[in-house]
Amino acid sequence: MRPRSTVLAALVTALGLGLAGCGQQPAVQQTRSGGQADTSSQTDPAARWADGYCSAVTHLVGTLANLPTIDPSSPEQASRTSSRLLSAVVDGIDQTVDGLDRVGPPPLPGDEKARGDLLKQFAAVRSRADTVRQRLDTATDAAATKTALSDARATLDDVAALDVLQGLNATPELSAAGKRAPDCQQLVVPPAPR
C-alpha cells in the first residue's frame with residue numbers, strides 16, 4: 001500500500017509556492033468512511049487494529065488536504081497565514097497521535113517498533129512546526145520573517161516526508177490486515193490499470 005503521496009507532495013509544492021509568493025492552491029477535499037469497520041474486521045483483531053490505525057492517521061491526511069491558504073500579498077500576510085497553516089499542522093499531528101495512543105500497540109508481537117518510530121517522527125515534526133509558528137508570530141523585522149518563512153517551507157517538506165503507513169507496513173501480517181480494514185482503503189492509491 002502507498003499513501004496518497006502524490007496528493008501530499010502536490011499540497012506541499014503548492015504551499016511552497018505560496019510561501020515563495022508565487023500564488024495560491026485551491027483546497028483539496030478529502031473524504032473518509034467514518035471509521036466504520038465491516039463485520040469481518042470485528043472478529044479479526046489485526047484488521048480492527050489496522051482500521052483504528054488508519055482512522056488515526058487520516059486526521060493528518062485530512063488536515064493536509066484542507067490546510068488554510070497562504071496569502072503571499074505581503075511578508076506580513078504571508079507570515080500570518082503561514083502561522084495559521086502551521087497551527088493546523090500541529091493540531092492535525094496532535095489528533096493523529098491521540099488516535100494512535102487510543103489504538104495502542106499492534107496485536108502482533110514485535111510490531112510496536114515501527115509505530116513507536118512513527119510517533120517519534122510525528123513528535124519531531126510537530127515540535128519544529130510549533131517552533132517555526134512561534135517564530136513567525138514574534139518576528140519583528142523583514143529578515144526574521146524571511147528566515148521563518150523559509151523554515152516554514154522546510155517544515156512542510158518534513159510533513160510531506162512522513163510515511164503515515166509506516167506502522168502498518170511494518171510486517172507482512174499488519175500490511176495484510178490493512179488490506180482487510182475499510183479505513184485503510186481511504187489512504188491507499190489504487191494500482192493503475194495496465
Side-chain angles (χ1 to χ4, degrees), residues 2-35 53-102 117-167 183 186-189:
R2 280 184 38 220
R4 293 185 179 172
S5 58
T6 55
V7 172
L8 297 178
L11 282 168
V12 171
T13 299
L15 293 169
L17 291 174
L19 287 172
C22 297
Q24 297 176 354
Q25 175 75 8
V28 176
Q29 295 299 317
Q30 165 78 17
T31 60
R32 70 183 284 276
S33 68
Y53 178 98
C54 290
S55 179
V57 298
T58 297
H59 287 295
L60 184 57
V61 173
T63 296
L64 295 177
N66 295 298
L67 285 173
T69 57
I70 296 172
D71 179 358
S73 61
S74 71
E76 294 79 18
Q77 277 299 98
S79 180
R80 199 174 354 246
T81 55
S82 294
S83 175
R84 281 196 296 262
L85 182 145
L86 290 173
S87 288
V89 168
V90 167
D91 290 345
I93 289 174
D94 286 347
Q95 288 179 10
T96 296
V97 169
D98 287 346
L100 290 173
D101 285 344
R102 280 191 303 276
D117 290 347
L118 182 62
L119 288 171
K120 287 178 189 171
Q121 289 176 16
F122 279 153
V125 171
R126 185 215 182 276
S127 175
R128 183 170 178 188
D130 200 40
T131 298
V132 172
R133 182 196 56 76
Q134 290 172 11
R135 288 180 38 223
L136 284 166
D137 291 347
T138 59
T140 57
D141 59 37
T145 299
K146 184 177 179 180
T147 300
L149 286 171
S150 176
D151 289 346
R153 187 175 342 164
T155 300
L156 292 173
D157 290 342
D158 290 346
V159 171
L162 288 171
D163 179 1
V164 296
L165 295 180
Q166 174 182 337
D183 275 358
Q186 298 296 318
L187 297 173
V188 177
V189 176

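Hydrogens, waters and symmetry mates play no part in the numbers below; they use all other heavy atoms, side chains included.
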Quick one, [X] and [Y] - any side-chain contact, counting heavy atoms below 4.5 Å?
{"X": "L60", "Y": "I93", "result": "yes"}
{"X": "T69", "Y": "T81", "result": "no"}
{"X": "D163", "Y": "L118", "result": "no"}
{"X": "L156", "Y": "L85", "result": "yes"}
{"X": "T131", "Y": "T155", "result": "no"}

Nearest atoms (heavy-atom pairs only) where [X] meets [Y]:
{"X": "S83", "Y": "L136", "answer": "N-CD1, 3.8 Å"}
{"X": "F122", "Y": "L100", "answer": "CE1-CD1, 3.8 Å"}
{"X": "T145", "Y": "P75", "answer": "CG2-O, 3.9 Å"}
{"X": "V132", "Y": "A148", "answer": "CG1-O, 3.6 Å"}
{"X": "A88", "Y": "P68", "answer": "CB-CD, 4.0 Å"}
{"X": "A78", "Y": "S82", "answer": "O-OG, 2.6 Å"}

Measure the spacing between [atom1] of [X] and [atom2] of [Y] and express it to the nearest 0.5 Å.
{"X": "Y53", "Y": "L165", "atom1": "OH", "atom2": "CG", "answer": "6.0 Å"}
{"X": "E76", "Y": "D71", "atom1": "CD", "atom2": "CG", "answer": "10.5 Å"}
{"X": "L86", "Y": "R128", "atom1": "CG", "atom2": "CZ", "answer": "10.0 Å"}

Are any side-chain N or O atoms of T96 and backbone N or O atoms of G92, one a donor and one an acceptor, separated by less than 3.5 Å? yes

Do any N or O atoms from the side chain of T58 and from the backbone of C54 form a donor-acceptor pair under 3.5 angstrom? yes

Contacts of D137 meeting salt bridge (charged side-chain N to carboxylate O under 4.0 Å, His left out) (sequence neighbours excluded), chain-then-number -> R133

Going by salt bridge (charged side-chain N to carboxylate O under 4.0 Å, His left out), name the residues that satisfy it together with D91, two or more places apart in sequence or in a different chain. none

